[in-house]
Amino acid sequence: MSGTLIGIDFGTRSIGVAVGQRVTGTARPLGALKAQDGTPDWTAVEKILKEWQPEAVVVGLPLNMDGTEQPLTARARNFANKIHGRFGVKIILHDERLSTVEARAGLFEHGGYRALNKGKVDSASAVVILESFFEQGF
(Lines give C-alpha, C1' and ligand atoms only; values in the text may rest on other atoms or scores of the structure.)
Protein backbone atom coordinates (compact mmCIF):
# COMPACT_ATOMS: atom_id res chain seq x y z
CA MET A 1 0.00 0.00 0.00
CA SER A 2 1.34 3.39 -1.04
CA GLY A 3 -0.06 5.39 1.86
CA THR A 4 -1.24 8.01 -0.64
CA LEU A 5 -4.91 8.96 -0.60
CA ILE A 6 -6.95 11.42 -2.63
CA GLY A 7 -9.57 13.49 -0.82
CA ILE A 8 -12.62 14.84 -2.61
CA ASP A 9 -15.14 17.50 -1.62
CA PHE A 10 -18.06 16.79 -3.94
CA GLY A 11 -20.12 19.65 -5.29
CA THR A 12 -22.48 20.12 -8.20
CA ARG A 13 -20.43 22.94 -9.81
CA SER A 14 -16.99 22.45 -8.30
CA ILE A 15 -15.24 19.36 -6.89
CA GLY A 16 -12.33 20.02 -4.54
CA VAL A 17 -9.38 17.63 -4.69
CA ALA A 18 -6.48 17.05 -2.29
CA VAL A 19 -3.70 14.50 -1.91
CA GLY A 20 -2.39 13.22 1.39
CA GLN A 21 -0.11 10.70 3.05
CA ARG A 22 -0.98 8.28 5.84
CA VAL A 23 2.59 8.47 7.18
CA THR A 24 2.44 12.21 7.89
CA GLY A 25 -1.32 12.48 8.32
CA THR A 26 -1.26 15.61 6.20
CA ALA A 27 -2.81 16.66 2.91
CA ARG A 28 -2.38 19.46 0.40
CA PRO A 29 -4.81 20.93 -2.13
CA LEU A 30 -4.61 19.92 -5.77
CA GLY A 31 -7.23 22.42 -6.90
CA ALA A 32 -10.82 22.06 -7.98
CA LEU A 33 -12.43 20.41 -10.97
CA LYS A 34 -15.29 22.20 -12.65
CA ALA A 35 -18.45 20.11 -12.71
CA GLN A 36 -21.66 20.22 -14.70
CA ASP A 37 -24.47 19.30 -12.28
CA GLY A 38 -22.06 17.09 -10.31
CA THR A 39 -20.36 15.53 -13.35
CA PRO A 40 -16.67 16.37 -13.74
CA ASP A 41 -14.43 15.99 -16.75
CA TRP A 42 -13.69 12.30 -16.19
CA THR A 43 -10.43 12.64 -18.13
CA ALA A 44 -9.20 15.09 -15.47
CA VAL A 45 -10.18 12.65 -12.71
CA GLU A 46 -8.34 9.84 -14.51
CA LYS A 47 -5.24 12.02 -14.87
CA ILE A 48 -5.18 12.69 -11.10
CA LEU A 49 -5.61 9.01 -10.28
CA LYS A 50 -2.87 7.96 -12.73
CA GLU A 51 -0.46 10.59 -11.44
CA TRP A 52 -0.92 9.86 -7.72
CA GLN A 53 -1.80 6.12 -7.78
CA PRO A 54 -3.76 6.38 -4.50
CA GLU A 55 -4.58 3.34 -2.41
CA ALA A 56 -8.04 4.87 -1.90
CA VAL A 57 -10.17 7.92 -2.60
CA VAL A 58 -11.85 9.53 0.41
CA VAL A 59 -15.07 11.25 -0.65
CA GLY A 60 -16.67 13.68 1.78
CA LEU A 61 -20.20 12.69 2.71
CA PRO A 62 -22.36 15.79 3.26
CA LEU A 63 -24.65 15.23 6.24
CA ASN A 64 -26.92 17.50 8.24
CA MET A 65 -25.59 18.60 11.64
CA ASP A 66 -27.74 15.94 13.35
CA GLY A 67 -26.14 13.23 11.18
CA THR A 68 -29.13 12.71 8.91
CA GLU A 69 -28.79 12.62 5.15
CA GLN A 70 -29.65 15.50 2.83
CA PRO A 71 -30.29 15.56 -0.94
CA LEU A 72 -26.59 16.10 -1.71
CA THR A 73 -25.66 12.99 0.34
CA ALA A 74 -27.11 10.60 -2.24
CA ARG A 75 -25.44 12.52 -5.06
CA ALA A 76 -22.04 12.29 -3.32
CA ARG A 77 -22.54 8.52 -2.84
CA ASN A 78 -23.46 8.17 -6.52
CA PHE A 79 -20.37 10.16 -7.53
CA ALA A 80 -18.17 7.92 -5.34
CA ASN A 81 -19.72 4.82 -6.92
CA LYS A 82 -18.99 6.21 -10.39
CA ILE A 83 -15.30 6.73 -9.50
CA HIS A 84 -15.10 3.15 -8.26
CA GLY A 85 -16.93 1.81 -11.32
CA ARG A 86 -14.83 3.73 -13.84
CA PHE A 87 -11.40 3.36 -12.27
CA GLY A 88 -11.67 0.42 -9.85
CA VAL A 89 -10.12 2.44 -7.02
CA LYS A 90 -11.16 1.79 -3.41
CA ILE A 91 -13.65 4.38 -2.14
CA ILE A 92 -14.06 5.52 1.47
CA LEU A 93 -16.96 7.78 2.42
CA HIS A 94 -16.14 10.16 5.27
CA ASP A 95 -18.38 12.56 7.23
CA GLU A 96 -17.58 16.07 6.05
CA ARG A 97 -19.70 18.15 8.42
CA LEU A 98 -18.19 21.62 8.90
CA SER A 99 -15.29 20.98 6.48
CA THR A 100 -16.22 24.00 4.34
CA VAL A 101 -16.56 26.23 7.42
CA GLU A 102 -13.12 25.11 8.65
CA ALA A 103 -11.59 25.54 5.19
CA ARG A 104 -13.03 29.05 4.78
CA ALA A 105 -11.76 30.08 8.23
CA GLY A 106 -8.25 28.84 7.45
CA LEU A 107 -8.11 30.52 4.05
CA PHE A 108 -9.48 33.79 5.43
CA GLU A 109 -6.92 33.74 8.24
CA HIS A 110 -4.06 33.47 5.75
CA GLY A 111 -5.33 35.63 2.90
CA GLY A 112 -8.43 37.60 3.81
CA TYR A 113 -11.46 37.78 1.55
CA ARG A 114 -9.33 37.48 -1.59
CA ALA A 115 -8.41 33.91 -0.59
CA LEU A 116 -12.05 32.83 -0.53
CA ASN A 117 -12.55 31.99 -4.21
CA LYS A 118 -14.69 28.90 -4.86
CA GLY A 119 -11.92 26.63 -6.17
CA LYS A 120 -9.62 27.38 -3.23
CA VAL A 121 -12.41 26.79 -0.71
CA ASP A 122 -13.37 23.47 -2.32
CA SER A 123 -9.81 22.14 -2.49
CA ALA A 124 -9.14 23.35 1.07
CA SER A 125 -12.31 21.49 2.12
CA ALA A 126 -10.89 18.35 0.49
CA VAL A 127 -7.74 18.83 2.62
CA VAL A 128 -9.88 19.14 5.77
CA ILE A 129 -11.84 15.98 4.84
CA LEU A 130 -8.66 13.97 4.25
CA GLU A 131 -6.85 15.20 7.37
CA SER A 132 -9.97 14.54 9.45
CA PHE A 133 -9.97 10.99 8.07
CA PHE A 134 -6.31 10.58 9.11
CA GLU A 135 -7.03 11.99 12.59
CA GLN A 136 -9.57 9.25 13.18
CA GLY A 137 -6.75 6.75 12.88
CA PHE A 138 -7.54 5.22 9.51
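Every heavy atom of this structure was used, including side-chain atoms; hydrogens, water molecules and symmetry mates were not. We're numbering straight along the sequence, starting at 1.
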Legend entry - Stepwise side-chain contact (heavy atoms from CB on, under 4.5 Å) test for Leu61 and Arg77: CA-CA 7 Å; Leu61 197 60; Arg77 280 186 204 281; 3.8 Å; yes
Taking [X] for its side chain and [Y] for its backbone only, find out whether a donor-acceptor pair lies under 3.5 Å.
X	Y	value
Glu96	Ile129	no
Gln136	Phe133	no
Thr12	Gly38	no

Legend entry - For Asp41, all residues meeting side-chain contact (heavy atoms from CB on, under 4.5 Å), sequence neighbours excluded: Thr43, Ala44
Inset, instruction - Could you list the residues that satisfy side-chain contact (heavy atoms from CB on, under 4.5 Å) with Arg86, not counting sequence neighbours? - result: Trp42
Legend entry - Passing option when Ile6 is tested against Ile83, Val59, Val45, Val17 for side chain to side chain contact (heavy atoms under 4.5 Å, CB included): Val17
Inset, instruction - State which residue, out of Leu5, Leu30, Val57, fulfils the side chain to side chain contact (heavy atoms under 4.5 Å, CB included) condition with Trp52. - result: Leu30
Legend entry - Side chains of Thr4 and Gln21, donor plus acceptor under 3.5 Å: yes
Mind checking whether [X] and [Y] have side chains closer than 4.5 Å, heavy atoms only?
X	Y	value
Val19	Leu130	no
Ile15	Phe79	yes
Asn78	Arg75	no
Arg22	Glu55	yes
Ser14	Leu33	no

Inset, instruction - Let me see the working for Ser132 and His94 under side-chain contact (heavy atoms from CB on, under 4.5 Å), right down to the final yes or no. - result: CA-CA 9 Å; Ser132 162; His94 183 69; 2.9 Å; yes
If you look at every heavy atom in [X] and [Y], which pair is closest and at what distance?
X	Y	answer
Thr26	Glu131	CA-OE2, 3.4 Å
Gln53	Lys50	NE2-O, 3.0 Å
Val89	His84	O-ND1, 2.8 Å

Legend entry - Common cluster, Leu93/Val127, ILVMFWY with side-chain heavy-atom separation under 4.5 Å: no
Inset, instruction - Considering only NZ, NE, NH1 and NH2 on the basic side and carboxylate oxygens on the acidic side, decide whether Lys47 and Glu51 come within less than 4.0 Å. - result: no
